[in-house]
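Report on one structure; see the data block that follows.
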There are 2 protein chains.
Amino acid sequence: MTAKTRQDARVPAHPAIEDVTMQQVLEALADPIRRAIVRGLYASGEDRACGTFPMVVSKSTGTHHFKVLREAGLIRQYYVGTSRMNSLRRTDIDAAFPGLLDAVAGHPEPAPGAPPPPTRRVGGGDGA
Amino acid sequence: MTAKTRQDARVPAHPAIEDVTMQQVLEALADPIRRAIVRGLYASGEDRACGTFPMVVSKSTGTHHFKVLREAGLIRQYYVGTSRMNSLRRTDIDAAFPGLLDAVAGHPEPAPGAPPPPTRRVGGGDGA
DNA sequence: ATCGAAGTATGATCGGCGTCGAACTTCGAG
DNA sequence: CTCGAAGTTCGACGCCGATCATACTTCGAT
């Protein structure tokens, strides 16, 4: 037992943004569920509790995904009562990986499980 | 139309860029070897044969990675003799996923097989 | 003090992806 | 035609990451 307060035990470790690698970030963003979370935070611009996301997986799996996002430096987590709030580390990410967050989270991507949009044929390609 | 040359049989199928999903692109870019290939093409700005990349894996694995990149719409491939040339589909990707290629391929990321920087070495750098 | 809500921690399972070697194909050179 | 170079295809293997159920913790409300 440590001398720390019990709250401290619930404060998870967040990496400094300079210790985060692009590998970590891309691996984190490569999962559709995690990307949906990031997009949700990106779009709303507010901190949200884990429970406010439409989770299509079990609670423990949800915890896992939030953990991956946290360790990839994408979100910051803190407790409010029994709820864990999630905050997008937008400034940090933009500084470390310019343009990446906007390119990924700002993209009009269909939510996982959504009906596919009608594919439209547009002639275009780059010959180069 | 004239009769097709024998070469055509070796021309692999490339997806239309609008059929490519962000999921595919991120999965393709999530691998360090594939990212190194893309970064190489991005930096040089020229088409390059498979063999011109410092492959740290076997030939068959290399073929696999190029195939993933091709099916993710990131590169275009064509034969010149027995060499397969690889071309970055920069215009297409920029149109479909604005900012993404610049953010990823333009990032000063160390190569996967590169010698580790002499600065502090954190234990377990790789996923082991 | 007790209960429920919200999440965490801990195994365990399982499918997919990266990996390889070996055999095969195609092309260019001699 | 023969040979070698460059890649591809195929099958197999191993690892890791996503998933789940269960048990546990912490907090707020009653």
Side-chain angles (χ1 to χ4, degrees), chain A residues 1-2 4-14 23-37 47-72 75-87 112-113, chain B residues 4-14 23-37 47-72 75-86 112-113 124-128:
Chain A
M1 318 307 186
T2 67
K4 293 185 174 184
T5 69
R6 280 186 286 182
Q7 261 297 18
D8 285 346
R10 300 191 79 192
V11 176
H14 294 78
Q23 181 63 36
Q24 281 179 282
V25 174
L26 287 179
E27 278 178 5
L29 293 176
D31 186 278
I33 294 185
R34 290 194 288 263
R35 209 160 54 247
I37 294 172
D47 296 5
R48 294 170 55 182
C50 294
T52 68
F53 293 89
M55 279 304 199
V56 300
V57 292
S58 68
K59 283 205 299 181
S60 50
T61 301
T63 298
H64 166 68
H65 285 307
F66 281 107
K67 180 181 178 182
V68 172
L69 288 173
R70 189 185 68 229
E71 293 178 342
I75 63 173
R76 187 169 281 125
Q77 298 188 293
Y78 58 96
Y79 272 95
V80 174
T82 64
S83 292
R84 195 167 214 175
M85 300 298 294
N86 301 279
S87 158
Chain B
K4 299 197 171 191
T5 70
R6 193 152 172 59
Q7 279 275 4
D8 286 345
R10 300 187 79 192
V11 175
H14 293 80
Q23 181 65 34
Q24 281 179 281
V25 174
L26 287 179
E27 277 178 5
L29 292 175
D31 185 278
I33 294 184
R34 291 194 289 262
R35 208 158 56 247
I37 294 171
D47 295 7
R48 294 170 57 183
C50 295
T52 68
F53 292 90
M55 276 305 197
V56 65
V57 291
S58 69
K59 284 203 299 181
S60 50
T61 302
T63 297
H64 166 67
H65 285 308
F66 281 107
K67 179 181 179 184
V68 172
L69 288 173
R70 188 185 70 229
E71 293 178 342
I75 64 173
R76 198 178 297 276
Q77 297 189 292
Y78 58 97
Y79 273 95
V80 174
T82 64
S83 292
R84 195 166 214 176
M85 299 298 295
N86 300 280
D126 127 35

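In the text below, chain A, chain B and the rest are named by the order of the sequence lines, each starting its count at 1.
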List for me each residue that meets side-chain contact (heavy atoms from CB on, under 4.5 Å) alongside B/Thr63, sequence neighbours excluded, and say none if there are none. none

What pairs with A/Gln23 under side-chain hydrogen bond (donor to acceptor under 3.5 Å, both in side chains), at least two apart in sequence or on another chain? A/Glu27, B/Arg35

A/Ile37 CD1 to D/dA18 P: how many Å, rounded? 12 Å

Listed by chain and number, what are the side-chain contact (heavy atoms from CB on, under 4.5 Å) partners of A/His64, not counting sequence neighbours? A/Arg34, A/Val68

For B/Ser60, what residues pass the side-chain contact (heavy atoms from CB on, under 4.5 Å) criterion, not counting sequence neighbours? B/Ser58

Rounded to whole angstrom units, what separation is found between the CZ atom of A/Arg35 and the P atom of D/dG17? 17 Å

Taking CG from A/Leu26 and P from D/dG17, how many angstroms apart are they, rounded to a whole number? 15 Å

Show each protein N/O and nucleotides 3-6 of chain C N/O combination with a separation under 3.5 Å, one pair to a line.
unit_1	atom_1	unit_2	atom_2	d
C/dA6	O4'	A/Thr82	OG1	3.3

Side-chain heavy atoms of B/Asn86 within contact of B/Arg48, under 4.5 Å: no

Which whole-number value in Å describes the distance from B/Asp31 CG to C/dG16 P? 18 Å

Using whole Å, report how far OH of B/Tyr78 lies from P of D/dG7. 13 Å

Whole Å only: how far is the CG atom of A/Asn86 from the P atom of C/dG7? 8 Å

The nucleotide from C/dG7, C/dC20, D/dC20 with an atom nearest the side chain of A/Tyr79 is C/dG7

How long is the gap from CG on A/Asp31 to CG on A/Leu69, to the nearest 0.5 Å? 8.5 Å

Going by heavy atoms in the side chains, are A/Gln77 and A/His14 under 4.5 Å from each other? yes

Within residues 61-70 of chain A, the residues having a heavy atom closer than 4.0 Å to DNA chain C are A/Thr63

A/Glu27 atom CD is separated from C/dG18 atom P, nearest whole Å, by 11 Å

Assuming nearest nucleotide by heavy-atom distance, tell me which of B/Gln77 and A/Ser58 is located more 5' along DNA chain D. B/Gln77

Go through the structure and list residues passing side-chain contact (heavy atoms from CB on, under 4.5 Å) with B/Lys59, not counting sequence neighbours. none

